[in-house]
Amino acid sequence: MRVTTGLARGRNLEAPQGLDTRPSSDMTKQAVFNIIQNYVEGCVFLDLFAGSGQMGIEALSRGAKQAVFIDSSSKAVEVVKTNLKHCGLMEQARVAQMEAKSFLQNGSQKFDVIFLDPPYQQQMIDAVLPLAVERLEENGIIVCETERNETLPEQAGEYVETKTYLYGKAKVTVYRKREPEGEE
């Protein structure tokens with residue numbers, strides 16, 4: 001697993017040991033960044049369920065202004081910090097060990113891009129997606145990576161599922177703000 005583009009290109013990243021963390025495949029990561037490429041430069045990026053932190057680190061490497069990394073695992077948080085230091089991106093990052101739902105409920109910071117990659121088969125998107133919508137900047141985007149067969153809500157607040165992509169065992173679902181009626 002490595003950073004593919006930008007300032008930290010080619011840097012290898014560690015992943016937490018064990019089965020609790022499932023890093024996104026290179027194919028899925030590349031697809032996500034193709035989807036959000038017009039949002040990344042200068043954005044504030046939230047990597048929720050961060051694991052190794054590879055998605056937020058990739059965003060910082062590609063020009064994000066700031067990335068926030070949230071994971072409930074102390075092992076994952078330590079790996080994220082190690083990876084950020086290794087890539088020279090610690091100054092633009094904030095890392096916290098806490099539950100995703102608690103982070104979303106108790107903060108006020110807004111994000112341009114929110115990436116959700118919860119553990120598979122735990123149906124966590126239903127609980128966190130409505131909270132994530134509340135933390136988006138106007139015209140922000142949410143990208144969810146889930147297991148291929150997981151059913152996600154079609155909408156959350158003013159945000160609707162606009163596209164779904166399948167990559168091996170993974171499904172990437174994109175939520176954008178619904179266009180007002182009558183606008184083209």
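Each side chain to side chain donor-acceptor pair (under 3.5 Å) pair with one or both residues in residues 104-115, not counting sequence neighbours, appears once here: Q66-Q109, R94-Q109, S102-N106.
Residues L116 and Y175 are members of one and the same hydrophobic cluster, defined by side-chain heavy-atom contacts under 4.5 angstrom among Ile, Leu, Val, Met, Phe, Trp and Tyr. By the criterion of side-chain heavy atoms lying less than 4.5 angstrom apart, applied directly or through intervening Ile, Leu, Val, Met, Phe, Trp or Tyr residues, I70 is grouped together with M124 in one hydrophobic cluster. Two different hydrophobic clusters hold F115 and L152 under the rule that ILVMFWY side chains link at heavy-atom gaps under 4.5 Å. The hydrophobic cluster containing V68 also contains V133, counting ILVMFWY residues as joined when their side-chain heavy atoms lie under 4.5 angstrom apart, directly or transitively. Note: the hydrophobic cluster containing I114 does not contain V174 (ILVMFWY, side chain heavy atoms under 4.5 Å, direct or indirect links).
Between V40 and A59, the closest heavy-atom pair is CG1-O, 3.6 Å. Contact record, L89 with S61: CD1-N, 4.1 Å, taken as the closest heavy-atom pair. Shortest non-hydrogen contact noted between G56 and D47 is N-OD2, 2.9 Å. In this structure, F103 and R135 approach most closely via the heavy-atom pair O-NH1, 3.0 Å. R176 and Y39 get closest at one heavy-atom pair: NE-OH, 3.1 Å.
For E138, the salt bridge (Lys or Arg N to Asp or Glu O under 4.0 Å) partners two or more places apart in sequence, or in a different chain, are K177. A search for side-chain contact (heavy atoms from CB on, under 4.5 Å) contacts involving E134 returns nothing, not counting sequence neighbours. The side chain to side chain donor-acceptor pair (under 3.5 Å) test applied to K171 returns no partner, not counting sequence neighbours. Scanning for salt bridge (Lys or Arg N to Asp or Glu O under 4.0 Å) contacts around R62 gives E58, with sequence neighbours left out. By the side-chain contact (heavy atoms from CB on, under 4.5 Å) test, R148 pairs with L166, sequence neighbours left out. A search for side chain to side chain donor-acceptor pair (under 3.5 Å) contacts involving Y159 returns nothing, not counting sequence neighbours. By the side chain to side chain donor-acceptor pair (under 3.5 Å) test, E161 pairs with T164, sequence neighbours left out. In terms of the side-chain contact (heavy atoms from CB on, under 4.5 Å) criterion, residue partners of Q97 (sequence neighbours excluded) are, by chain and number, S74, V77. In this structure T82 satisfies the side-chain contact (heavy atoms from CB on, under 4.5 Å) test together with E14, sequence neighbours excluded. In terms of the side chain to side chain donor-acceptor pair (under 3.5 Å) criterion, E91 has no residue partners (sequence neighbours excluded).
Note that the CZ atom of F49 and the OG atom of S72 stand 8.0 Å from one another [nearest 0.5 Å]. Distance CG/L129 to CD1/I142: 5.0 Å, rounded to 0.5 Å. Atoms CD and CG, from E78 and N83 in turn, are 11.5 Å apart once rounded to the nearest 0.5 Å. Taking CG of L48 as the reference point, atom CD of E99 lies at 10.0 Å (rounded to 0.5 Å). For the atom pair CD of Q155 and CZ of R178, the computed distance is 4.5 Å after rounding to the nearest 0.5 Å. Atom-to-atom distance recorded for T173:OG1 and K163:NZ is 11.5 Å, nearest 0.5 angstrom.
Contact annotation: the side chain of C144 never approaches that of D117 to less than 4.5 Å [non-hydrogen atoms, C-beta and beyond]. Using a 4.5 Å cut-off on side-chain heavy atoms (C-beta onward), L13 and I57 make contact. Counting heavy atoms from C-beta on, the side chains of L104 and L46 come closer than 4.5 Å. Contact annotation: the side chain of K65 never approaches that of C43 to less than 4.5 Å [non-hydrogen atoms, C-beta and beyond]. Between I36 and F45, some side-chain heavy-atom pair lies under the 4.5 Å cut-off. You'll find the side chain of V80 stays beyond 4.5 Å of the side chain of S52, heavy atoms only. L136 has its side chain out of reach of V113: every pair of non-hydrogen atoms, C-beta onward, lies at least 4.5 Å apart.
Counting side-chain heavy-atom gaps under 4.5 Å among Ile, Leu, Val, Met, Phe, Trp and Tyr, V160 is found in no cluster with other residues.
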Might you work through the side chain to side chain contact (heavy atoms under 4.5 Å, CB included) test for L84 and L60, ending with a clear yes or no?
CA-CA 10 Å; L84 283 163; L60 288 171; 3.9 Å; yes
